[in-house]
There are 2 protein chains.
Amino acid sequence: MPKAQITIKDIARELQVSVSTVSRALNDSPDLSAATKKKVQDYAKLHHYNPNFLALSIKKRESTIIGVIVPEVTHHFFASVVEGILEVADREGFSVLLFRSHEQYDKEVRSVQRLLSSRVCGVLTSVAKETTRYDHFQELVDNDIPVIFFDRICVDIPTNRVVIDDYAGALTATEYLINTGCRKIAFFCSPMHLEISKNRRGGYMDALRKHGLPVDHDLIKICDNYDDAIPVATEMLQSENKPDAFFAVNDETALGILHATKQLHFKIPDEVSICGFTDGFAAIASDPQLTTVGQNGFDVGVSAMELLLERIRYKGADAMLKNRIIRTKLIVRETTR
Amino acid sequence: MPKAQITIKDIARELQVSVSTVSRALNDSPDLSAATKKKVQDYAKLHHYNPNFLALSIKKRESTIIGVIVPEVTHHFFASVVEGILEVADREGFSVLLFRSHEQYDKEVRSVQRLLSSRVCGVLTSVAKETTRYDHFQELVDNDIPVIFFDRICVDIPTNRVVIDDYAGALTATEYLINTGCRKIAFFCSPMHLEISKNRRGGYMDALRKHGLPVDHDLIKICDNYDDAIPVATEMLQSENKPDAFFAVNDETALGILHATKQLHFKIPDEVSICGFTDGFAAIASDPQLTTVGQNGFDVGVSAMELLLERIRYKGADAMLKNRIIRTKLIVRETTR
DNA sequence: TTGAAAGCGCTAACAA
DNA sequence: TTGTTAGCGCTTTCAA
């Protein structure tokens, strides 16, 4: 923060009025002569006066900066969420302090620390894969800073959450696979301590049960990225217990499976069906185009931000432990029958 | 910023010492008895004291928040840049206030305004497509706030820049197409007022000239996204003047062209070669996999942030109008011979 | 080794 | 209608 920008004090001095007069004029206070007000406002505009948000925050003990921590910015889903958040924030006059945990616990803790020191008025976050303790988030709550979890939520802390309807999304997708004739459906997902993994697996399993299909645990793999998916899928496809369909926790993984399947010259979707989760641009770019469960990240961001605004504005209105569920949509393209 | 967090004043009161003692202890000042220092530090730790960055900034007249404005967070390249920035920022103790212009001039102006009010210590940005006036950026410079442009730079303002080597990238890619036998190479790019368009077109044209090929302006289109590319490419492929290669300003556009080409059943790469620019995940997901000019967004972000740190730390060291050029790398995959 | 006090930019009683 | 003043959390002279 170099060469100080112009302050109300500067204006007061130049215009030979008191700082409070300037403050009132700039805040368009009613008890002020129109002439004075105009004089000050004109001068301010002319000299590009910008209110110092830092001073304002410290004085009014409330800031207009919200903190956001995401695991990874380059993941299409999280990038969309951030865009949704920025959209609402911009409209409502808030700014966003962004952090990336890179899936690491200690980075997440450090980010929370900075957020605390920055006196943000709220935090929106999706927890890192590595994280299994939640004291840092609890500290935010203890300091009365509203926390909204989205997607990768933390069930230990009672607060607002915005989740994708993982269970329903997985159930619908799996049922679709079953209804199109698949019988041995493999499931690739993230580590099981994450709620989204539990929920998606729940949907997957219930779909199988509902249709009288056995749950084969050899068909369930912890594998959630492109590179790892290729060898894992290859091995499964060459085994005795070859699946006739794959359902993956994200598009990258599904596309890795697709790659492996094509290399082994299996017909898609006739011999092997594949379904992803997310619906990023790559799902359209692939050939055959990927069937996937679309999760609208932008809406998640918008909802999370809206929930936060409610918390900030009607703080009296107790609890407000509202949750929001964002519906998914099965987008059938070419990797399923 | 709800229920005030603990302050040095609270600590001073509880410990029956003065605020200056607390301040000194927390800053590990040498002229203080070890006992007092320890007492204060222990108390602070125990009670989760977090220094108030706002107060600090206002007092020291320097903040540790940098502003970043990108056109779009969901574009893979920009998301990578943001990650690079966050990486260095985190390591060096800075926080990032993120804005998205959504390619709109007025949003960009509003973002700069907020950055000014937030008293950030520097700004990293890539200008919106819509932007043709630069007063808002000039205002940052006028207030001695270091501005670093990356990728979509602004040549009117003398400051640091980090650019992709667009010219060389385009030249290399075009030459590769020529060397593999392509003779009628179409070029799809963004609006011409952007420097990146000029530079990439420059590389494209120079490659043609160097190899004695004519520049056919019917083969140059302003078209830079997936959806628009499909009809435009389709029409070209059905015309008399059918190109035997396409070079596009980004992967999305190249993938749109790929889609159109496949629909018309042209053999790729034998009848039609395609080359993109960026190298996002979709380039790997596509089939055939996309040949593209890889631009390392992460490195751009890292370089931009490093340049900013130099500016902040050695502000005396005059000018420092260093630029950084990030090299591209032609990644040959399956859409070229 | 410690404390008192001023001041960063701003707002909001309280006075005038 | 306007000014004076205190104070938000903190650092930093200057004194003690």
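Keep in mind the model is a prediction, meaning the values are calculated, not measured. Below, chains carry the letters A, B, ... as their sequence lines are ordered, and counting in each starts from 1.
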Q | Pairs where residues 17-26 of chain A contributes a residue and the test salt bridge (Lys or Arg N to Asp or Glu O under 4.0 Å) is met, not counting sequence neighbours | A | none
Q: Show your reasoning for whether salt bridge (Lys or Arg N to Asp or Glu O under 4.0 Å) applies to B:R313 and B:E92.
A: CA-CA 12 Å; B:R313 288 172 180 163; B:E92 303 288 335; 3.1 Å; yes
**Q.** Side-chain heavy-atom pair B:L97, A:V96 within 4.5 angstrom cut-off
**A.** no
Q.
So B:L56, base contact, sugar-phosphate only, or nothing? Heavy-atom distance under 4.0 Å.
A. sugar-phosphate
Q: Under 4.0 Å from any heavy atom of chain A: name the first and the last nucleotide of DNA chain D that qualifies, 5' to 3'.
A: D:dT1 to D:dG9
Q | Contacts of type side chain to side chain donor-acceptor pair (under 3.5 Å), residue A:S18, not counting sequence neighbours | A | A:S20, A:T21
N/O donor to acceptor pairs below 3.5 angstrom from side-chain atoms of residues 120-129 of chain A, sequence neighbours left out:
from	atom 1	to	atom 2	distance (Å)
A:T125	OG1	A:I69	O	2.9
A:S126	OG	A:F150	O	2.9
A:S126	OG	A:R152	N	3.1
A:K129	NZ	A:D224	OD2	2.7

Q | Side-chain donor-acceptor contact under 3.5 Å, B:R114 with A:S95 | A | yes
Q. Which pairs count as salt bridge (Lys or Arg N to Asp or Glu O under 4.0 Å) when at least one residue sits in residues 66-80 of chain A, sequence neighbours excluded?
A. A:E72-A:R100
Q. For residues 19-28 of chain B, which residues have at least one heavy atom under 4.0 Å from DNA chain D?
A. B:S20, B:S23, B:R24, B:N27
Q) Just how far is it from atom CZ of A:R61 to atom CG of B:L54, taken to the nearest 0.5 Å? A) 11.5 Å
Q) So, A:D31 versus A:S29: side-chain donor-acceptor pair below 3.5 Å or not? A) yes
Q. So, B:E139 versus B:N143: side-chain donor-acceptor pair below 3.5 Å or not?
A. no
Q.
Show me the pairs that pass ring pair (Phe, Tyr, Trp, His ring centres under 6.0 Å) and involve residues 107-147 of chain A, at least two apart or across chains.
A. A:Y105-A:H136, A:F137-A:F149
Q | A:Q41 (side chain) donor-acceptor with A:A25 (main chain) under 3.5 angstrom | A | yes
Q: Report which part of the nucleic acid B:Y49 touches: base, sugar-phosphate, or nothing (heavy-atom distance under 4.0 Å, all strands).
A: sugar-phosphate
**Q.** Closest-nucleotide 5' rank along DNA chain C - winner of B:Q16 and B:A55
**A.** B:Q16
Q: Would you please name every residue forming a side chain to side chain contact (heavy atoms under 4.5 Å, CB included) with B:S303, sequence neighbours left out?
A: B:V162, B:R324, B:I326
Q: Please list residues of residues 33-43 of chain B whose heavy atoms come under 4.0 Å from any atom in DNA chain C, ordered by number; otherwise none.
A: B:S33, B:T36
Q) For DNA chain C, which nucleotides open and close the run of contacts to chain B, 5' to 3', at under 4.0 angstrom from a non-hydrogen atom? A) C:dT1 to C:dG9
Q. Can you pull the ring pair (Phe, Tyr, Trp, His ring centres under 6.0 Å) pairs that have at least one residue in residues 44-97 of chain A, sequence neighbours excluded?
A. A:Y43-A:H47
Q.
Can you give me the bend angle of the helix from C:dT1-D:dA16 to C:dA16-D:dT1? Use the axis through the first five pairs and the one through the last five, nearest 10 degrees.
A. 50°
Q: Assign A:K59 to base, sugar-phosphate, or nothing according to its heavy-atom contacts below 4.0 angstrom with the strands shown.
A: base
(Q) Do A:N52 and A:Q5 pair up side chain to side chain, a donor and an acceptor below 3.5 Å, judged on atom types alone? (A) no
